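Predicted model, so just to flag it, every value in this text is computed and none were measured. All ligand and atom numbering here is 1-based and tracks the order in the structure.
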Amino acid sequence: MCIFCDIVEGKIPSTKVYEDEYVIAIRDLNPQAPVHDLVIPRKHFDNIVDMAQNDDGTYAAAVFDAIAEVAKVEGTDTGFRVINNCGADAGQSVMHVHFHVLGGRKFEEKII
Ligand code: 5GP
Ligand code: ZN
């Protein structure tokens, strides 16, 4: 059982901002910025490593297209940030690969 698989299947409600054959993008339940969406492949991969090993590139390409669509739909034209937490040490809490798209404010704080 995986909560993002349940969201993809509509068993858990979510607010969708974008969807296509391969991915959905939803609003994060606990937003850290005025725009905080999650781009989630419809197929379950644990993380980026799992996706790299078991996807022929289809889902990876769809993720990038979806990120660009989300930025357009949300109007984050002055910039946005994409974050992926990969694995427990990086703070990944839902073990279904997903990409945070954050925007709607200026980010002063930087890790790198
Ligand atoms: P992670 O910590 O794995 O990088 O990110 C997981 C994200 O999923 C968190 O930002 C958390 O707020 C979000 N999240 C967890 N459960 C749900 C849910 O049921 N619905 C939505 N929309 N977001 C969720
Ligand atoms: Zn899943």
key: Co-membership, hydrophobic cluster, residues Val8 and Met95, 4.5 Å side-chain   = no
Ile67-Tyr22 co-clustered via ILVMFWY side chain contacts under 4.5 Å =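 Looking at the clustering, Tyr22 is in the same group as Ile67.
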I'd like to know if [X] contacts ligand 1, where contact means a heavy-atom distance under 4.0 Å to any ligand atom.
| X | result |
| --- | --- |
| Met95 | no |
| Gly91 | yes |
| Ile7 | yes |

key: Per-atom contacts, ligand 1 versus His98 - under 4.0 Å to a heavy atom   = 1 (P), 3 (O), 4 (O), 5 (O), 6 (C)
request  = For His100, counting its heavy atoms only, list the atoms of ligand 1 lying under 4.0 Å from any of them.
outcome  =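 Selected atoms, number and element: 1 (P), 4 (O), 5 (O), 7 (C), 10 (O).
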message = To the nearest 0.5 Å, what is the distance between CD1 on Ile12 and CZ on Phe4?
response =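 That separation rounds to 9.0 Å.
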inquiry  = Strictly below 4.0 Å, N to O, side chains only: are Glu74 and Arg27 in salt-bridge contact?
reply    = yes
ask   = If you check every N/O/S atom of His96, which is the one nearest the Zn ion (ligand 2)?
value = ND1
task = Compute the ring centroids of His96 and Phe45, then answer whether they are less than 6.0 Å apart.
result = no
request  = Please work out whether any backbone atom (N, CA, C, O) or any side-chain heavy atom from C-beta onward of Gln32 is under 4.0 Å from ligand 1, and answer side chain, backbone, both or neither.
outcome  = neither
task = Using the Zn ion (ligand 2) as the apex, give the angle to atoms ND1 (His44) and SG (Cys2), rounded to 10 degrees.
result =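 His44 ND1 and Cys2 SG form an angle of 110° at the Zn ion (ligand 2).
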Closest to atom 7 (C) of ligand 1 (judged by heavy-atom distance), picking from Asn85, Asp28, Val94 = Asp28
inquiry  = Angle between ring planes, His36 versus His100, binned at 30° and 60°: parallel, tilted or perpendicular?
reply    = tilted
